[in-house]
Amino acid sequence: MNSLLRPPLPGPSLCARSRVSPSPAVGRLGSAALVGGGRRCRRGLAVASSAAPSWMEEAGVAVLEEGVRRNPSVSDSYRLAGLPRPNATVLEAQGRVCTGPGQTRPLGEEQAMRVLDTILRSAMGEIKEEPVSSAQLGAFFAGMTIRANSFPEATQWSEGERRAMSIFWPRLVQVLPPEVKFIADPEGTIMGANGLTGPRYVGQGTGEMRLVGALREVLAGGHLGYEEVQCVLKDILPIGSNSSSTLVSEALLAAFLIGQRMNRETDRELKAYCLAFDDELGPPPVADVKSLTHYGEPYDGNTRFFRSTLFVAAVRACYGESCLLHGVEWMPPKGGITEGQMLKFMGANIHLSPTQAKTLLEDENAGFAYLNLQEACPPLYSIIGLREHIKKRPPLATSEKVQQFVRARGRESMIAGFYHEGYEDPLLMLMRRRTVHAGLVVKGEEGALSMTTKERSAHASKGLPVNHCSGFRTPNSINSSETDGIARESFKVIVNAQELGFESTETPRTDRSILKNLELGLAALGGEKGAAYDRIVLNAAMADHLLGCSGAEDINTALDRAREAIDSGKALRRLMSYIKISHKVT
């Protein structure tokens, strides 16, 4: 049946309980929901059911009480110390004009005048607190230039923007640095007689000159080749290093990153971003595990709803499905709750090398690991601050979710979350390029990986629904493709909670509170039934089933296996062990 995405198998089947989508390519699967009520005690940590051992509750309470003493409990507090903040007036405008051909919202005359006046006063040194940064100038003017050169009429410059620019540009051209004047009018076709710098500008140094050449194509709305993108990235990153080859203007780099996203990256451009720094630390270590899943959560975290992946990893590790998580403590634009924050709050070592992560994956008391981008890929970590100043997500926000910082001797799979339509197929393309055996992209809540147990409203917004999944895996049939030596079958499915026997439940809100997210997750691993418990079970079992993991051919068996890992205390014990072992690994 298409909704199962797998051939009929012996034993209990979901087929009798699932609805088939009208489209043969898209199925529907059951999901999870609330099974029992819950109650709270001691600093808000939920108490496990009476059948659960007392150590399970005590372990969760102890780790949170110690975490409160050591760490801030709100995600915003993990922003890197010392990072200069962007100018709010210009940043708001960037959110409108530095986006795609169909999403851009032209500025009205009043706002355009205010933005350009802010830029002028900042360039003249009149704004001392939160001046407009070089990166903001690069991103804003790149957005304006690409809109003028290649966007459809509806999202090109408004009349108000034209009037404001005609007033301010003659003064701006006197005070802006040459690289910004180049970005604003690279060919001298936008600003008239006041746009003569662009055609003559070449940049300084080899890396910057290569970047300027690439930018001319990007600012015209064009695309680059795979090698060209890779060469630019390797020339200019990491920023802030002492190497003369990486001393490039942040305005140029910001213009390049946001410009490529506004032009909607081609597959070859995304592959270049994805693979550019694979060899940065040498060949990745190979873990001696039978199965490894690479989790690609959005690096900027969750700001509203419960984030379940850390707890899902602890569950899946209990039955031999090793999991590698990767990310950062804090990332713009959302600056939400991340796995790095939660692990740090609980006292784990979050600064492991890939080799140390390999050791944890192989450890029978752990079986999962977390890697910080700071250790896994320093060049990409170096531009976190710049990413805050360009406002919108760059191509790296897609490619960083599809990384292989550690390999496995056994089977490898990848999971990545997405929100915006148009990035489902590119993510799967990147996964296939990684030559993994199975890949899965999920439209979870907030664009993250967590599928929900909440029933979809009849008034839900248009577009792909939450719990939409698509992917590929090693087939059980001959209807598959094989382009890189690995045979795969493709699938699409919409996971429906109620068809798996769960009630519809509202997703627990965390609203940037790391403590609340951990309370929910640890209570669930402690055995308390409720919305968080069900989401952990759902996401663990569906990953096993859709990725084609051993023992998960039947969805009901996969769900039971995930519940047993929690109810037995194994998953919580594994998470507590990880916190200790992460400090001992060498």
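Since we're looking at a predicted model, the values are computed, not measured. Count residues from 1 along the sequence. Just so you know, these numbers use all the heavy atoms, side chains as well, and skip hydrogens, waters and symmetry mates.
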> Less than 4.5 Å apart, any side-chain heavy atom of Leu237 and any of Leu253?
Replying inline: yes

> Is there side-chain contact between Lys570 and Glu564, with at least one heavy-atom pair below 4.5 Å?
Replying inline: yes

> How many angstroms lie between CD in Gln374 and OG in Ser382, if you round to the nearest 0.5 Å?
Replying inline: 11.0 Å

> Which word best sums up how the rings of Phe311 and Phe306 line up, parallel for under 30°, tilted for 30 to 60°, or perpendicular for over 60°?
Replying inline: parallel

> Would you say the side-chain atoms of His545 pair up with the backbone N or O of Ala552, donor to acceptor, closer than 3.5 Å?
Replying inline: yes

>> Has Asn71 got a side-chain atom pairing as donor or acceptor with Lys344's backbone, closer than 3.5 angstrom?
In response: yes

>> Restricting to non-hydrogen atoms, name the atom on Leu559 and the atom on Ala541 that form the minimum distance, rounded to 0.1 Å.
In response: CD2-CB, 3.5 Å

> Is Glu445 paired with Lys454 through a side-chain N to carboxylate O contact shorter than 4.0 Å?
Replying inline: no

> Would a distance-only check, ignoring hydrogens and angles, find a side-chain to backbone donor-acceptor pair under 3.5 Å from Glu265 to Leu270?
Replying inline: no

>> Tell me which one of Phe368, Tyr299, Tyr381, Tyr370 satisfies ring-ring contact (aromatic ring centres under 6.0 Å, His included) with His326.
In response: Tyr299

>> Could you tell me if the side chain of Pro354 sits less than 4.5 Å from the side chain of Pro285, heavy atoms only?
In response: yes

> Between Thr507 and Arg535, do the side chains contain an N or O donor and an N or O acceptor separated by less than 3.5 Å?
Replying inline: yes

> Do Leu386 and Leu257 pass the side chain to side chain contact (heavy atoms under 4.5 Å, CB included) test, and can you show the C-alpha distance, the side-chain angles, and the key distance before you say yes or no?
Replying inline: CA-CA 10 Å; Leu386 183 139; Leu257 292 175; 3.9 Å; yes

> Short question: side chain of Glu412, backbone of Leu292 - any donor-acceptor pair under 3.5 Å?
Replying inline: no

> Side chains of Tyr273 and Gln260: is there a donor and an acceptor less than 3.5 Å apart?
Replying inline: yes

> Just by modelled atom types, is the Ile514 backbone N or O under 3.5 Å from a matching donor or acceptor in the Arg307 side chain?
Replying inline: no

>> Run the side chain to side chain contact (heavy atoms under 4.5 Å, CB included) test on Leu224 and Phe256 for me, step by step, so that the C-alpha distance in whole Å, both residues' side-chain angles and the decisive distance to 0.1 Å come before the verdict.
In response: CA-CA 11 Å; Leu224 306 174; Phe256 180 77; 3.6 Å; yes

> Given side chains that start at C-beta, do those of Asn263 and His223 come closer than 4.5 Å, heavy atoms only?
Replying inline: yes

> Is it true that Asp363 and Arg574 have a side-chain N and a carboxylate O under 4.0 angstrom from each other?
Replying inline: no

> Would you say the side-chain atoms of Glu499 pair up with the backbone N or O of Val495, donor to acceptor, closer than 3.5 Å?
Replying inline: no

> Under 3.5 Å, is there a donor-acceptor pair linking the side chains of Ser75 and Gln341?
Replying inline: no

>> If you compare all heavy atoms of Ile566 against all heavy atoms of Ala571, which two are closest, and at what distance to 0.1 Å?
In response: CA-CB, 4.4 Å

>> Working note: Asp235 + Leu211, criterion side chain to side chain contact (heavy atoms under 4.5 Å, CB included); need CA distance, chi angles, decisive distance, verdict.
In response: CA-CA 8 Å; Asp235 276 349; Leu211 176 57; over 6 Å; no

>> Determine whether a donor-acceptor pair (N or O, by modelled atom type, separation under 3.5 Å) exists between the side chain of Asn372 and the backbone of Glu375.
In response: no

> For the side chain of Thr505 and the backbone of Thr453, is there at least one donor-acceptor N/O pair under 3.5 Å apart?
Replying inline: no

> What is the minimum heavy-atom distance between Ala565 and Cys318, and which atoms define it?
Replying inline: CB-CB, 3.9 Å

>> I'd like to check Glu280 versus Pro379 (side-chain heavy atoms, cut-off strictly below 4.5 Å). Are they in contact?
In response: yes

> Among Arg411, Lys290, Arg316, whose salt bridge (Lys or Arg N to Asp or Glu O under 4.0 Å) with Glu321 holds?
Replying inline: Arg316

>> Please check: side-chain N/O of Glu446 versus main-chain N/O of Arg304, any donor-acceptor pairing under 3.5 Å?
In response: yes

>> So, taking the atom named OG in Ser450 and the one named CG in Leu538, what distance separates them when rounded to the nearest 0.5 Å?
In response: 9.0 Å

> Salt bridge check: are Asp278 and Arg434 linked by an N-O gap of less than 4.0 Å?
Replying inline: yes

>> So if I apply the side chain to side chain contact (heavy atoms under 4.5 Å, CB included) rule between Cys469 and each of Ile494, Leu440, Val441, which one comes out positive?
In response: Leu440

> Roughly how far apart are Leu546 CG and Met542 CE, rounded to 0.5 Å?
Replying inline: 4.0 Å

>> Just verifying a value: how many Å separate Tyr419 OH and Lys443 NZ, rounded to the nearest 0.5 Å?
In response: 5.5 Å

> Are the charged groups of Glu424 and Lys492 less than 4.0 angstrom apart, N to O?
Replying inline: yes

> Thinking salt bridges, do Arg393 and Asp300 make one under a 4.0 Å N-O criterion?
Replying inline: yes

> Is there a side-chain contact between Ser490 and Phe472 (heavy atoms, below 4.5 Å)?
Replying inline: yes

>> Can you give me the closest heavy-atom contact between His583 and Asn349, atom names plus distance?
In response: NE2-N, 3.5 Å

>> If I compare all heavy atoms of Ala357 with all of Leu324, which pair ends up nearest, and what's the gap?
In response: CB-CD1, 4.3 Å

>> Within the structure provided, determine whether Val436 and Gln404 are in side-chain contact (heavy-atom separation under 4.5 Å).
In response: yes

>> When you compare the side chain of His294 with that of Cys323, does any pair of heavy atoms fall below 4.5 Å?
In response: no

>> Distance check, rounded to the nearest 0.5 Å: Leu396 atom CG versus Leu233 atom CG?
In response: 7.0 Å

>> Arg432 vs Asp425, test: salt bridge (charged side-chain N to carboxylate O under 4.0 Å, His left out). Steps then yes/no.
In response: CA-CA 10 Å; Arg432 289 186 175 93; Asp425 290 337; over 6 Å; no

>> Within this structure, what is the CG-CZ distance for the pair Leu275 and Arg433, rounded to the nearest 0.5 Å?
In response: 5.0 Å

>> Main chain of Arg512, side chain of Thr303: is a donor-acceptor contact present, judged purely on distance under 3.5 Å?
In response: no

> What's the verdict on salt bridge (charged side-chain N to carboxylate O under 4.0 Å, His left out) for Arg210 and Glu228, showing C-alpha distance, side-chain angles and the deciding distance?
Replying inline: CA-CA 9 Å; Arg210 191 193 302 270; Glu228 192 171 5; over 6 Å; no

>> On a heavy-atom basis, which atom in Leu430 and which in Ser399 lie closest, and how many Å separate them?
In response: CD1-CA, 4.2 Å

>> side chain to side chain contact (heavy atoms under 4.5 Å, CB included) for Leu525 and Val315? Distances and angles first, verdict last.
In response: CA-CA 8 Å; Leu525 292 192; Val315 169; 3.9 Å; yes

